[in-house]
Amino acid sequence: MESSNGFVSKEQLELARSALESEDPSSVSPLQISLGSSSSPKSPSSPVTTQQQQERKSDDKLSPPYMGGQPKKDPAEGALYNNDPNYDSTEEQDGDPTIKDTPRKLDAYKRKATVIVEEYFATSDVVSTANELRELKLPGYSYYFVKKLVSMAMDRHDKEKEMAAVLLSALYSEVIDPSQVYKGFSKLVESADDLIVDIPDTVDVLALFIARAVVDDILPPAFLKKQLASLPADSKGVDVLRRAEKGYLAAPLHSEIIERRWVSSMNKTVDDVKVKINNLLVEFIASGDKKEACRCIKELKVPFFHHEIVKRALVMAMERRAVESQLLELLKKTTEEGLINSSQVTKGFGRIIDVVDDLSLDIPDARGILKSLISKAASEGWLSVSSLKSLSPPSPKESVEDTAAKLFKMKAQSIIQEYFLSGDIAEVSDCIESENSSCSPDLNAMFIKRLVTLAMDRKNREKEMASVLLSSLCFPTDDVVHGLIMLIESADDTVLDNPIVVEDLGMFLARAVVDEVIAPQQLEEIESQFLGTESTGNKVLQMAKSLLKARLAGERILRCWGGGGSSSKNGWAVEDVKDKIGKLLEEFESGGDIREACRCIKELGMPFFHHEVVKKALVKIMESKSEKLWGLLNEGFRSGLITSYQMTKGFGRVAESMEDLRLDVPDAEKQFGYYIEKAKLTGWLDSSFGIGPTTKSSYVKENGTNI
């Protein structure tokens, strides 16, 4: 089941909880966790144990100020400073009384808990997080994990807030005892005065976390009244509890509102926003209602992405000159009302300047029209020309090298787009050799940059295919490094179109290391090119390094976009897929349903590997003299599931293995000739296909793996 933008859906949560409840302790895998049964109810009326009540009597002061989540330690001994403002002796006392050397144990637990939370935010892996938490074997300190998880999420985006809420619900009772969840939230409320120093909206955010915990049945409603009675009247914790009760839990339909509070923004993908922007501009052109258009822009709630509105409006104005004045009036109104700020306006115009040469292919005199738009906007006072990039005219005499590079870029884009449709790596390799016959390092680097850039703007399937292709082309390592550096250098511009470019590029870099396309030392070499800590490039490198340092990093990175795992160097588990294809064909041949068989083929999610279905089906047909599988191939071709390219490639595979096939099927060549002619009559194969040198083409490798 796929999730978008790192969000864990309810279905995934149920699967995770089911796994936690049903796993056999004797068969735990590295990515699974076994749990004993718990008699603790999901929503206890009073989860505070006698031990906890005794502990809380001694806990008569607030938790330490929130400063990165950890108190200072003695560098020499690792002990906590008693006079440190972040030091809280109650946290040492509140641990499991059976544990010796409590301060050291708690300090070690805090460090590990922080790492686990960071890793969870990066991977969204609930089961693995639960496994790592149990491996600590310190259930008496689980309250600190609750406190750390929520406090870190409070200082992040809605995505992490929702992830934290989902994780707590998944771990409740099965991994973290209800009394520890209760205690963790108690500590958070008590720390509200300190948290607000670093997180100004602490009252609202923590109140929502508490309300969500009540709705998710991991905190009893009585928690609010009991905590109110134990806090000083002027404490921020009191404001938090009152906000949770009156602002959230007392509202009509509060459960639905609370559960959707952080989900809505997480489900809003870049493509969704772009579609909405396009639709609102089209509707505005039709209606001319500026007030309604402004309202729609506000409802998008993406002020950081308003440059896309400017860009789209300008492109529409350039394409449809009749509505130019109308669109400029809208942009003027949004800037006058402060709806779109000057920075976003400048970014929008800057993006158009960057692609004006490409626009010229579809819009005659695009450069001249853009100059006119800039002049009008500047004269009306809502655009600062001095803040724009230079719109210099093209050089009258471009160098041969620049012309060749531009031509190669266009052809590279065509090659990559065709690859995303066919998955034919051999064809890509042949095309690159043809277009870059001199093996120019610069052109190789350009191809790599274009490949990853196009993949980042598509779905996980294309991202996986890009990584597979990168590991199969065998470019010189220096060319790959050069291409990756070019990619990272353009990240500041790419982020305007793809806000999650840091995560995407970081994953591509990490995947390149895991696939042995580049060595870990070369990652350091790339990092040396981006020293500014605030630069997008540096953030990309840090993201890649953190992914590679994570527990079970290799397996996770190989599976990041749907690849098969470590059994295949490039992430596609070729042998596993072959095995699945063989089994589904056997099941169909023994009485299976043709629709079910087609569904199984489709669910493999590897359309560029359908030639293997053709090959295995043909071999089985010739071995068993049964044509039932021919009907399956016919249905696959008729429905478009198996393309003519994959069909031809499958027949080609059989032609190449004919010598081996004759050992088991003496008349294999005669049968194969018959099926070739039959396939030609049904339109599967071109009339030029035949057994001979023409069929023995480059079918030796698929995705870098011998077939």
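Residue numbers start at 1 and run along the sequence shown. Computed over heavy atoms, backbone and side chain alike; hydrogens, waters and symmetry mates excluded.
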With sequence neighbours excluded, what pairs up with [X] under the side-chain contact (heavy atoms from CB on, under 4.5 Å) test?
X: I363; value: M318, E319, L359, A366, I369
X: N278; value: V282, R312, M316
X: Q522; value: T477, V481, I518, A519, E525
X: S440; value: N436, S438, D442, L443

Residues that Q413 engages under side-chain hydrogen bond (donor to acceptor under 3.5 Å, both in side chains), provided they are two or more places apart: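 Partners of Q413 by the side-chain hydrogen bond (donor to acceptor under 3.5 Å, both in side chains) criterion, ordered by chain and then number, come out as R450.
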Listed partners of E435 passing side-chain hydrogen bond (donor to acceptor under 3.5 Å, both in side chains), at least two apart: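 If we apply the side-chain hydrogen bond (donor to acceptor under 3.5 Å, both in side chains) test to E435, skipping adjacent residues, the hits are K411.
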Of all residues at least two apart in sequence or in a different chain, which pass the salt bridge (charged side-chain N to carboxylate O under 4.0 Å, His left out) check with [X]?
X: K620; answer: E586
X: K409; answer: none
X: K583; answer: D579
X: R458; answer: none

Partner set under ring-ring contact (aromatic ring centres under 6.0 Å, His included) for F651, not counting sequence neighbours: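 ring-ring contact (aromatic ring centres under 6.0 Å, His included) check on F651 returns F672.
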Results of ring-ring contact (aromatic ring centres under 6.0 Å, His included) for F447 - residues two or more places apart only: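 Residues passing ring-ring contact (aromatic ring centres under 6.0 Å, His included) with F447: none at all.
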Charged N-O contact under 4.0 Å between R599 and E596: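 So R599 pairs with E596 through a salt bridge.
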